[in-house]
Amino acid sequence: IVTYNSLVNGLCKLNKLQEAKELLDEISCKHLVLNEVTYSTLIDAYCNAGDINYALNLCDEMIGKGVLPNVVTYTTLMKGFCRIGKAQKALDLLVEMLKRGVDPDHVTYNTLIHGFCQQGNMEMAFELHDEMSQIHLKPTIVTYNSLIYGLCRIGRFKHAKELIVYVSQKGIELNETTYDTIISAHCNWGNLDEVHYFLDEMAKKGILPTVYTYTALMSKFCKVGQLEEAKEIWNEMLENGISPD
RNA sequence: CCCAGCCAGGUG
């Protein structure tokens, strides 16, 4: 079944859901039993395809067959709800999983926090962050990247910057996503000084933006007619030994 | 440590 799970996952990732379904029949013919990994894989695929209802049906189906949803299954469903802007529904699932005796992990919380950040509900996002600490799940850089993203989206740059300092002081390494998040946001809001400030900070830490990041920056500058800024980014990219694609 | 789940971004 492990081998089949890999195949199912491969088909799902290629959006070949129909072929994945056919593979399920083949599995049944061989008298192998779908397990929670198979179901979680399928649930993720249908959520990504925008069919959360079918995903929920699959969840009921597995329960009916005595295959219990685990932390990954629930987290996957939560991600599905968050994707369509229903973070509150995702939060309801947290209650349900606890009722069923399944413990959330750091990915579960990161998923929920990201969902609320997307909706601009930073109060709830930070509340969940506090809650995860209380139950001894350590927030990771992914957690903080989501929070920083949420703050930037609503223009709370000062708070975002303070959070970055706080994260560094906790000994958590900032990564490329952290910088990309805050740099892109400042760029969108036209805060050029901050764009350069964080590009410098990034360089100091030895983290190089990718050609993708540079292109995003140049594109935005070009769109608002800041051609000289775009040119500056271009030069900076070449100086850092990054080749245009 | 094994098959599934979490963060940002471009050439509309």
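Below, chains carry the letters A, B, ... as their sequence lines are ordered, and counting in each starts from 1.
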Which residues satisfy the side chain to side chain donor-acceptor pair (under 3.5 Å) test with [X], sequence neighbours excluded?
| X | answer |
| --- | --- |
| A:His159 | A:Arg156 |
| A:Glu19 | none |
| A:Asp44 | A:Lys79 |
| A:Glu131 | A:Tyr109 |

**Test side chain to side chain contact (heavy atoms under 4.5 Å, CB included) applied to A:Ala45 - qualifying residues, sequence neighbours left out** = A:Cys12, A:Leu17
Determine the interatomic distance between [atom1] on [N] and the same-named atom on [M]; round to the nearest Å.
| N | M | atom1 | result |
| --- | --- | --- | --- |
| B:A4 | B:A8 | C1' | 24 Å |
| B:G5 | B:C1 | P | 16 Å |
| B:C2 | B:C6 | P | 16 Å |

**Request:** Could you note down all residue pairs passing salt bridge (Lys or Arg N to Asp or Glu O under 4.0 Å) where residues 194-219 of chain A supplies at least one of them, sequence neighbours left out?
**Result:** A:Lys161-A:Glu194, A:Glu201-A:Lys204
**Item:** Near-strand residues of residues 90-103 of chain A, defined as heavy-atom separation under 4.0 angstrom from RNA chain B
**Value:** none
**Request:** Under 4.0 Å from any atom of RNA chain B, heavy atoms only: list the residues of residues 55-66 of chain A that qualify, in numerical order.
**Result:** none
Just to verify, what does [X] make a ring pair (Phe, Tyr, Trp, His ring centres under 6.0 Å) with, not counting sequence neighbours?
| X | value |
| --- | --- |
| A:Tyr54 | A:Tyr46 |
| A:His186 | A:Phe157, A:Phe198 |
| A:Tyr144 | A:His129 |

**Request:** Answer yes or no: are there more than 12 heavy-atom neighbours, outside A:Lys170 itself, under 6.0 Å from its atom NZ?
**Result:** yes
**Complete:** Reading nucleotides 5-12 of chain B from 5' to 3' and marking B where a protein heavy atom lies under 4.0 Å of the base, S where only the sugar-phosphate is that close, and - otherwise, the string is BBBBBBS-
**Asked** Can you check the A:Tyr4 OH to B:A4 C1' distance for me, whole Å?
**Response** 18 Å
